[in-house]
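Numbers restart at 1 for each chain; the letters A, B, ... are given by sequence-line order, proteins then strands.
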Amino acid sequence: MPEVPELNVMGSTIQKLYKGKKVKSIEILWTKRVKCSQQEFDDAIVGSMLQSVKREGKEMHLRFDNGQVLGIHLMLTGAITVQPSDNIVKYPIFELLFEDGGGFIVGDHMGQAKPILNPDIPNVPDIEGKDFTLEYFTMAVRKRKIAIKDLIQDQKVIRGVGNAYADEILWVAKISPWSVSNRIPGNKIKDLYTAILDVTKAASKELENVKVSEFDFSLENKDHRFVHNPKRKATPDGEEILKGKVGNSKTFYTESQILYN
DNA sequence: TAGAATGTTACAGG
DNA sequence: CCCTGTAACATTCT
């Protein structure tokens, strides 16, 4: 369930709720994908105070006053349930609790979401970062020869775009997801760049009032996406939404998106 | 019942 | 060694 707009909302909420509080416990409940031991998590953050929450690509980074960082990656189907909650988390990955009550559980029925101790921050522009410039993006798009949808989702090129918003972005920019990256003309690369910024900003704003109690459900079911949304048959301007595949992921698009190849 | 779920990584082939 | 495409991962829900 995690892309940039969702992570922005979750991150600012976690910060609002727990900034300045000390960690009472962290309990790793599903260790398959986790690199560090329970002991290492305990030593790093138990007793330390939460200073800030920042998003880095598709990860959320919790920084503590002792300099330690807890990274959270929700992968495909992970979710955060703020505690206490009426909902029982069926497949918990880990639980983080603060000293005077509250905290959250990260759950994922696919078992892929994971906590990361002191994660690396790759030298790749985040889509909301200052170093994500039109110049950089134009160069990156021209350098390679793959489907444009795969390119904008490649976290080694830019960090933060995932399958759902990639469809929204390409629809706004009026570019077919199968367009070959190095065949896209300069003015359309600019449209694409602008669409990445605009779609991300608009969706973040749209989601900012979602209730904390609905984080583990409603965020992904909100009707704010216009094409990557199984509930919709047509775009707001009445064009039929088509379904296909780019690489191995499901793609929603329309006929009017131009194919450059 | 096969396929989908907002993702990443390993590996084969060129 | 670089680039690209494909499949695996893992598990429940529809």
Fill in: Sub-6.0 Å ring centroid separation between A/F252 and A/W171
no
Item to complete: Decide if the gap between the ring center of A/F132 and the ring center of A/Y193 is smaller than 6.0 angstrom.
Response: yes
Whole angstrom is fine here: how far is it from [atom1] in [X] over to [atom2] in [N]?
X: A/H109; N: B/dT6; atom1: NE2; atom2: C1'; value: 12 Å
X: A/D167; N: B/dT6; atom1: CG; atom2: C1'; value: 10 Å
X: A/L76; N: B/dG7; atom1: CG; atom2: P; value: 6 Å
X: A/Q112; N: B/dA4; atom1: CD; atom2: C1'; value: 13 Å
X: A/D108; N: B/dT6; atom1: CG; atom2: P; value: 13 Å
X: A/N229; N: B/dA5; atom1: CG; atom2: C1'; value: 14 Å
X: A/K114; N: B/dG7; atom1: NZ; atom2: C1'; value: 9 Å
X: A/L74; N: B/dG7; atom1: CG; atom2: P; value: 11 Å

Practice prompt. Answer yes or no on whether A/R225 is positioned over the face of A/Y165, meaning its NZ or CZ is under 6.0 Å from the six-membered ring centre and within 45° of the axis.
Written response: yes
Discussion item. Using the C1' atom as the point on both nucleotides, what is the distance between C/dT4 and B/dT6, in whole Å?
Written reply: 24 Å
Worksheet item: C/dA10 and B/dA10: how far apart are their P atoms, nearest whole angstrom?
Response: 13 Å
State whether [X] places a side-chain N or O below 4.0 Å from either non-bridging phosphate oxygen (OP1 or OP2) of [N].
X: A/H73; N: B/dT8; result: yes
X: A/K58; N: B/dT8; result: yes
X: A/K250; N: B/dA4; result: no

Worksheet item: Do side-chain atoms of A/E95 reach the backbone of A/V106 as a donor and acceptor pair under 3.5 angstrom?
Response: no
Worksheet item: Is there a donor-acceptor pair closer than 3.5 Å between any side-chain N or O of A/Q112 and the backbone N or O of A/L76?
Response: no
Worksheet item: Heavy atoms under 4.0 Å, any strand shown: does A/Y165 hit a base, just sugar-phosphate, or nothing?
Response: nothing
Item to complete: Just call it for A/N248: base, sugar-phosphate, or nothing, with non-hydrogen atoms closer than 4.0 Å on any strand.
Response: base
Under 3.5 Å side-chain donor-acceptor pair for [X] and [Y]:
X: A/N182; Y: A/R144; answer: no
X: A/N8; Y: A/E208; answer: no
X: A/E240; Y: A/T254; answer: no
X: A/K145; Y: A/S181; answer: no

Fill in: Terminal contacting nucleotides, 5' and 3', DNA chain C versus chain A (heavy atom, 4.0 Å)
C/dT4 to C/dC13
Worksheet item: Heavy-atom count around A/N123 CG within 6.0 Å, excluding the residue itself: above 12?
Response: no
Response to the item:
The dot-bracket string of DNA chain B, counting Watson-Crick and G-U wobble pairs with both distances under 3.5 Å, using [ ] for crossing pairs and | for pairs to another strand, is .||||.||||||||
Worksheet entry | 5' priority, DNA chain C, between A/K145 and A/M110 [closest heavy atom] | A/K145
